[in-house]
Each structure stands twice: as structure tokens, then as C-alpha cells.
Amino acid sequence: MAATSRPSYTAVPAARVRVWDPLVRVFHWTLAVAFATAWATADELQPAHELAGYLIVALLVARVLWGFIGETHARFRDFVHRPAVVVRYLLDELRGRAARFVGHNPAGGAMVVVMLVVLALTAATGILMTTGGPLGGEWLEEAHEFCAGLALFLVVLHVAGVAWSSTLHHENLVKAMLTGWKRREP
């Protein structure tokens with residue numbers, strides 16, 4: 001009887017890699033809905049507006065903690081870069097020759113940080129408005145509205161950046177944020 005040889009199996013690198021863990025994805029989409037709800041209910045349905053605001057605060061706390069203890073691509077050290085790196089990346093993007101990143105690119109990482117700060121300021125001014133005290137007044141309402149407007153502007157920039165980067169690198173970043181998966185190679 002002839003001996004049969006066993007087929008040899010070679011490890012083939014996966015074509016896809018999991019980038020966004022469930023917490024990041026749930027955070028992202030829940031934050032989007034909570035912000036849209038807060039924006040839509042401002043001055044109209046105060047209880048819903050405040051509830052959405054408190055949800056945003058809880059989401060921000062969870063995301064900041066996850067930025068230190070979460071999975072690789074969720075950690076701040078993976079995507080927060082010096083301002084010079086962000087500017088250089090943005091210039092390369094405008095020239096259509098920016099490097100592709102599996103996780104957040106430097107511009108996306110900067111957007112995450114700025115968005116977290118602006119949303120925290122928006123929430124803080126909103127909470128101070130509802131709790132009253134010596135810091136209250138018209139200036140606080142104006143600060144809250146300014147921060148909310150700035151947050152909306154950042155959302156528009158974020159969506160434009162996602163569309164631009166998706167086109168530049170031939171990948172669907174929205175799908176990646178829904179599924180958690182991106183292609184491994186450029």
C-alpha cells in the first residue's frame with residue numbers, strides 16, 4: 001500500500017483584519033444618534049434633550065476609559081499624533097497621496113480628540129445650565145449653543161473626511177465602522 005502524503009498547509013495572511021471592536025462601534029453609532037436627538041430636541045423637548053445629553057456624557061466617559069484600556073486600535077496611543085504629523089498627513093491627503101492606515105489615520109485621530117473635547121464642553125455647559133448656581137446666566141447658554149454648533153460643524157467635517165478617505169483609499173469606512181472589519185493590505 002502506497003503511503004499517502006498529507007497536504008501541506010501554509011498560513012495565508014487574512015485579507016481582512018478586525019479594527020473596530022464592538023465597544024467602539026456601539027459608542028460611535030450611539031453617540032451619533034444621541035447627538036442628533038439632542039440637536040433635534042433643543043428648545044423643543046427639554047426632557048429628551050437632557051436625557052440625550054446625559055447619554056452623551058456616559059458615552060464620553062466610557063470612550064475615554066476605553067482609549068486607555070481598550071483594544072489596540074481603540075487606544076489613544078495608536079492614533080493620537082503630534083500636530084505636525086496631522087498637518088503633514090492632511091497635506092498629503094489633499095495631494096491624493098496620503099498613506100493608508102488600518103486604524104484611524106492622523107486626521108481621524110485628531111478629529112476623535114477634538115470631538116471628545118467639544119462634546120465634553122457642550123455637555124458641561126448644558127449641565128451647568130440645568131443645575132443653576134453662580135455660574136449660570138445668558139453667557140452659559142451662549143457657550144452651550146456655540147459648542148453645540150461647533151460639534152455639528154465637526155460632524156460635517158468628519159463625514160466629509162470619511163467620504164474623502166474612503167474614495168482615496170478605495171475602501172468603505174462606513175461599512176468598516178458597522179462591521180468592524182477592514183482590508184489588511186492597501
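We use all heavy atoms of the structure for the numbers below, so side chains are in, but hydrogens, waters and symmetry mates are not. Residues: numbered from 1 along the sequence shown.
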Does Lys182 reach the main-chain N or O of Val102 with its side chain, forming a donor-acceptor pair under 3.5 Å?
yes
Heavy-atom donor-acceptor pair, Ser165 side chain to Gly161 backbone, under 3.5 Å:
no
Any donor-acceptor N/O pair, His104 side chain to Phe79 backbone, under 3.5 Å:
no
So Leu173 and Trp20, do their side chains get closer than 4.5 Å, heavy atoms only?
no
Under the ring-ring contact (aromatic ring centres under 6.0 Å, His included) rule, collect the residues that match up with Phe153, sequence neighbours excluded.
none
Mind checking whether Leu119 and Leu154 have side chains closer than 4.5 Å, heavy atoms only?
no
Answer yes or no for Arg16 and Trp181: cation-pi contact, defined as NZ/CZ to six-membered ring centre under 6.0 Å and angle to ring axis within 45°.
yes
Between His144, Glu142, Glu141, which is the residue that forms a side chain to side chain donor-acceptor pair (under 3.5 Å) with Thr125?
His144
So, do Thr122 and Val118 sit near enough that their side-chain heavy atoms are less than 4.5 Å apart?
yes
Hey, does the side chain of Arg183 reach the backbone of Ala15 with a donor-acceptor pair shorter than 3.5 angstrom?
no
Applying side-chain hydrogen bond (donor to acceptor under 3.5 Å, both in side chains) to Arg75 and not counting sequence neighbours gives none
Give every donor-acceptor pair under 3.5 Å between a side-chain atom in residues 105-115 and any protein atom, sequence neighbours left out.
| from | atom 1 | to | atom 2 | distance (Å) |
| --- | --- | --- | --- | --- |
| Asn105 | OD1 | Ala107 | N | 3.0 |
| Asn105 | OD1 | Gly108 | N | 2.6 |
| Asn105 | ND2 | Tyr89 | OH | 3.2 |

Test side-chain hydrogen bond (donor to acceptor under 3.5 Å, both in side chains) applied to Asn172 - qualifying residues, sequence neighbours left out:
none
Any heavy-atom pair between the side chains of Glu44 and His49 that's under 4.5 Å?
no
With side chains defined as the heavy atoms from C-beta onward, is the minimum distance between Leu94 and Trp164 less than 4.5 Å?
no
For residues 26-38, dump all side-chain donor-acceptor pairs below 3.5 Å to protein atoms at least two apart in sequence or in another chain.
| from | atom 1 | to | atom 2 | distance (Å) |
| --- | --- | --- | --- | --- |
| Trp29 | NE1 | Met177 | O | 3.2 |
| Thr30 | OG1 | Val26 | O | 2.7 |
| Thr37 | OG1 | Val33 | O | 2.8 |

Could you tell me whether a side-chain N or O of Arg25 sits under 3.5 Å from a main-chain N or O of Leu178, the two making a donor and an acceptor?
yes
Can you name the side-chain hydrogen bond (donor to acceptor under 3.5 Å, both in side chains) partners of His158, sequence neighbours left out?
none
Distance col, row Glu145:CD vs Leu150:CG, nearest 0.5 angstrom, shows 13.5 Å
Is there a donor-acceptor pair closer than 3.5 Å between any side-chain N or O of Arg88 and the backbone N or O of Pro83?
no
